[in-house]
2 protein chains.
Amino acid sequence: MEIRQLRTLIALVESQFNMSRAAEKLNLVQSALSQQLNRLENELGAKLFIRKGKRLKSLTTVGEEVFKQATIVLSAINNIHSVGKEYTERDFGVLNIGTTHMQARYILPPVIKLFSQLYPDVELQIHQGTPQQLVQLAMNYEVDFSICTEALAGNSQFTLIPCYQWNRSLIVPPEHPLADKKNISLEDLCDYPIVTYVAGFTGSKRVLETFKQSKLQPHVVLSAADSDIIKSYVREQMGIGIIASLAYDRKNDSDLKCRDLGELFPWEITRIAYPKDKYLRKYQQVFIQLLLKQVSKHGSESGYFCLPEEKVMT
Amino acid sequence: MEIRQLRTLIALVESQFNMSRAAEKLNLVQSALSQQLNRLENELGAKLFIRKGKRLKSLTTVGEEVFKQATIVLSAINNIHSVGKEYTERDFGVLNIGTTHMQARYILPPVIKLFSQLYPDVELQIHQGTPQQLVQLAMNYEVDFSICTEALAGNSQFTLIPCYQWNRSLIVPPEHPLADKKNISLEDLCDYPIVTYVAGFTGSKRVLETFKQSKLQPHVVLSAADSDIIKSYVREQMGIGIIASLAYDRKNDSDLKCRDLGELFPWEITRIAYPKDKYLRKYQQVFIQLLLKQVSKHGSESGYFCLPEEKVMT
DNA sequence: TTAATTTACGTGTATCGTAAGGATA
DNA sequence: TATCCTTACGATACACGTAAATTAA
């Protein structure tokens, strides 16, 4: 058995069982893949794919299991390469971070600045996506780690490092009735059109759940993927905005009134996630440390809170 | 990188850094290994071995890490082969069991008989050893699983299946004063020369600890690795015997009096252990099931007790 | 038809074995 | 000196690419 063959198997799955595309990915011609797959299947004595005529349709039971193990093999092989690079090009390389718009915009900038000074020769690549995509990216080793809030539940294959917790705030124009109301309740929020995050993003799910549990019907007029857009629409008087507290910037958003809603909604925990079996290079560890240090230093003044030093490995 | 090269790395470590012996293991000439190692080290850009002149002395830090990952790779590759065989030769193969004399002699016979009837074409190999050796065997994939009582603590890389619990009994010639004494205490045992298991075997450690905790000095005249030898010496009037209760056979040992000591010593738990990442073939699973069924059926009548259905994964 | 896969065949590469050359205990 | 490792070199094997055949959409 050859590592090449396992790479091929994985590429085939990743390209929806299309050999030509998989071959392109691997910089080979189709026929090479065809031969590799044959050799592998012959060696194992079992077909790995269910075929319709000549075309691959899906994995067989054997294929599923072999695929799983092949993933483990390639992860370990990757780790070996990382170990090698760690000793030849200690401070050179690429750091791939999967993250949402919110982190990239409000949390990461100072961390990245510091990191770039420490490691000027490490290229930083920020991969944005939905929480679901971020989980996928981390699982497929396409990023070194993902920073995300949702879609991590029950994923026992990740190392999870809790980073900080946060909640929402209401933003309204200063002349709005809610700008100075004493206690703001869920019911109050339902009296006005709401602008908040689209489903699946930035904890929007749990906002809606909270309303539902109180049998309330919020009137969401507009939902956007990121906080800046929500702010714009609040400025345009489209409605009241519910955003993550940390997305409110005292300087630049002084034309909006911000009211903390920490009592009304459940707290969210943002975590760093990477596969348990992944080997972390030094500069990758440093980045994580910098991030943790940043949130513990400047968290409370910016609407979020670092968590006790506890590494939750789920 | 090639799987071959990782195999070579592992063989080198297993043969104490002796290339010639490693080459023999792999059915290659030394020069082939030398070349492989060079290629691997070149590709990684780091030396994996600390050398003294031309000879390999030990692993470097990089080597240690690469070795660890190589182990993972080969374990997964083994699994893939197992998956293949599971579908081509479903009921053919070899079952390697690591076990102590006690299990092999008193627990396994009926299980093995049943298993051989179910799988006449599976070759059974019993590997005997000390608990420490059994752990090693399982870790190096030289056995499919080990059945052992000690030396498992803190091994987070094993799947552990509790099998049964047992304790000790006293065996004496029928005319011995302790044969009919009402309550037997630790002190009573210290009044006579004792024959029991050698250190490191069959829970002997905890027997001695128990005496020590009561500040007692037992007089061990003889220790043996297995129960049959202990019985022989008790028959020869060398002293009183402390053996696992399940080693007392009502029929064949009727010339010896057996007194339960379950109140005096801590209970031992015997477990099945195999690496967490190991793929278990059907017949391997069946063997484990048969073993569990056997102890739950016939345990209590034979001096040991099955445990509640609980899979302790440490 | 077009797109996708398999099979046949030739080429180049790379691994192994043989054998000779150094180094260590 | 005996054991062990490295290097050089030639043979063999095999994976890849080209191209033609085969089969689904």
Side-chain angles (χ1 to χ4, degrees), chain A residues 1-60 62-63 66-67 70 73-74 77 80-81, chain B residues 1-60 62-63 66-67 70 73-74 77 80-81:
Chain A
M1 186 177 328
E2 307 268 323
I3 295 171
R4 258 190 310 277
Q5 297 167 346
L6 302 180
R7 275 219 176 80
T8 295
L9 172 58
I10 290 178
L12 279 172
V13 173
E14 283 179 350
S15 55
Q16 281 97 46
F17 316 108
N18 182 319
M19 271 204 173
S20 315
R21 262 186 287 161
E24 212 169 343
K25 259 195 199 177
L26 299 170
N27 293 107
L28 291 173
V29 296
Q30 299 93 323
S31 81
L33 287 217
S34 186
Q35 295 170 53
Q36 281 190 24
L37 184 56
N38 271 333
R39 285 193 297 269
L40 183 57
E41 290 186 326
N42 283 337
E43 180 178 347
L44 297 180
K47 293 287 168 195
L48 299 179
F49 290 93
I50 297 172
R51 290 160 165 85
K52 193 152 197 171
K54 289 191 168 185
R55 314 206 169 181
L56 312 183
K57 283 297 161 192
S58 61
L59 286 170
T60 60
V62 193
V66 174
F67 173 73
V73 170
L74 284 175
I77 298 279
I80 293 178
H81 281 126
Chain B
M1 185 177 326
E2 307 268 322
I3 294 172
R4 255 191 310 275
Q5 297 167 346
L6 302 180
R7 276 219 175 81
T8 295
L9 172 59
I10 289 178
L12 279 172
V13 173
E14 283 178 350
S15 55
Q16 280 95 46
F17 315 109
N18 183 317
M19 271 203 173
S20 315
R21 261 186 288 160
E24 212 170 343
K25 259 194 201 178
L26 298 170
N27 293 105
L28 291 173
V29 295
Q30 297 92 323
S31 81
L33 286 217
S34 186
Q35 295 171 54
Q36 279 188 25
L37 184 57
N38 271 333
R39 286 193 296 269
L40 183 57
E41 289 186 326
N42 283 338
E43 180 177 348
L44 297 180
K47 293 285 168 198
L48 299 180
F49 290 93
I50 297 172
R51 290 160 166 83
K52 193 152 198 172
K54 289 191 168 182
R55 313 206 172 182
L56 312 182
K57 282 296 162 193
S58 62
L59 286 170
T60 60
V62 194
V66 174
F67 173 73
V73 170
L74 284 176
I77 299 279
I80 292 178
H81 281 128

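In what follows, chains carry the letters A, B, and so on, assigned in the order in which the sequence lines appear, proteins first and then strands, with residues in each chain numbered from 1.
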Check: Quick one: ring-ring contact (aromatic ring centres under 6.0 Å, His included) partners of A/Phe67, sequence neighbours excluded?
Finding: none

Item checked: DNA chain C contacts among residues 13-22 of chain A, heavy-atom distance under 4.0 Å -> A/Phe17, A/Asn18, A/Met19, A/Ser20

Check: Taking only N and O in the side chain of B/Asn38, is any of them less than 4.0 Å away from OP1 or OP2 of D/dT7?
Finding: yes

Check: With sequence neighbours excluded, what pairs up with A/Arg4 under the salt bridge (charged side-chain N to carboxylate O under 4.0 Å, His left out) test?
Finding: A/Glu2

Check: Does B/Lys54 have any salt bridge (charged side-chain N to carboxylate O under 4.0 Å, His left out) partners at least two apart in sequence or in another chain, and if so, which?
Finding: none

Checklist line | Interatomic spacing from CG in B/Leu48 to OG1 in B/Thr60 - rounded to 0.5 Å | finding: 5.5 Å

Item checked: Distance, nearest 0.5 Å, that separates CG of A/Leu40 from CG of A/Leu6 -> 6.5 Å

Ignoring hydrogens and angles, write down the donor-acceptor pairs under 3.5 Å from the side chains of residues 16-27 of chain B, residues two or more places apart or on other chains.
unit_1, atom_1, unit_2, atom_2, d
B/Asn18, OD1, B/Ser20, N, 3.0
B/Asn18, OD1, B/Arg21, N, 3.1
B/Lys25, NZ, B/Glu14, OE1, 3.4

Next item on the list: Find the distance B/Leu56:CG to D/dT6:C1' and express it as a whole number of Å.
Entry: 11 Å

Notebook entry, point to check: Can you give one letter per nucleotide of nucleotides 14-25 of chain D, going 5' to 3': B for a protein heavy atom under 4.0 Å from the base, S for sugar-phosphate only, - for none?
Noted result: -SBBBB--BSBS

Checklist line | d(CD, B/Gln30; P, C/dG22) in whole Å | finding: 18 Å

Checklist line | Sequence neighbours excluded, every pair satisfying ring-ring contact (aromatic ring centres under 6.0 Å, His included) that has a member inside residues 18-48 of chain B | finding: none

Next item on the list: Using atom CG of A/Leu40 as one end and atom P of C/dT6 as the other, report the distance to the nearest whole Å.
Entry: 13 Å

Note to self: Which residues pass the salt bridge (charged side-chain N to carboxylate O under 4.0 Å, His left out) test with B/Lys57, not counting sequence neighbours?
What the structure shows: none

Check: Taking CG from B/Asn42 and C1' from D/dT7, how many angstroms apart are they, rounded to a whole number?
Finding: 14 Å

Could you give the side-chain donor-acceptor pairs of residues 30-39 of chain A under 3.5 Å, partners two or more places apart or in another chain?
unit_1, atom_1, unit_2, atom_2, d
A/Gln35, NE2, A/Ser31, O, 3.3
A/Gln36, OE1, A/Thr8, OG1, 2.3

Next item on the list: Output every pair passing ring-ring contact (aromatic ring centres under 6.0 Å, His included) with a member in residues 18-42 of chain A, not counting sequence neighbours, ordered by first then second residue.
Entry: none

Notebook entry, point to check: Starting at CG of A/Leu37 and ending at P of C/dT6, how long is that distance when rounded to a whole Å?
Noted result: 7 Å

Next item on the list: State, to the nearest 10°, the angle formed by the axis through the first five base pairs of the helix from C/dT1-D/dA25 to C/dA20-D/dT6 and the axis through its last five.
Entry: 40°

Check: Got a sec, which residues hit salt bridge (charged side-chain N to carboxylate O under 4.0 Å, His left out) with A/Arg55, two or more places apart in sequence or on another chain?
Finding: none

Checklist line | Separation of C/dT5 C1' from A/Lys47 NZ (nearest whole Å) | finding: 12 Å

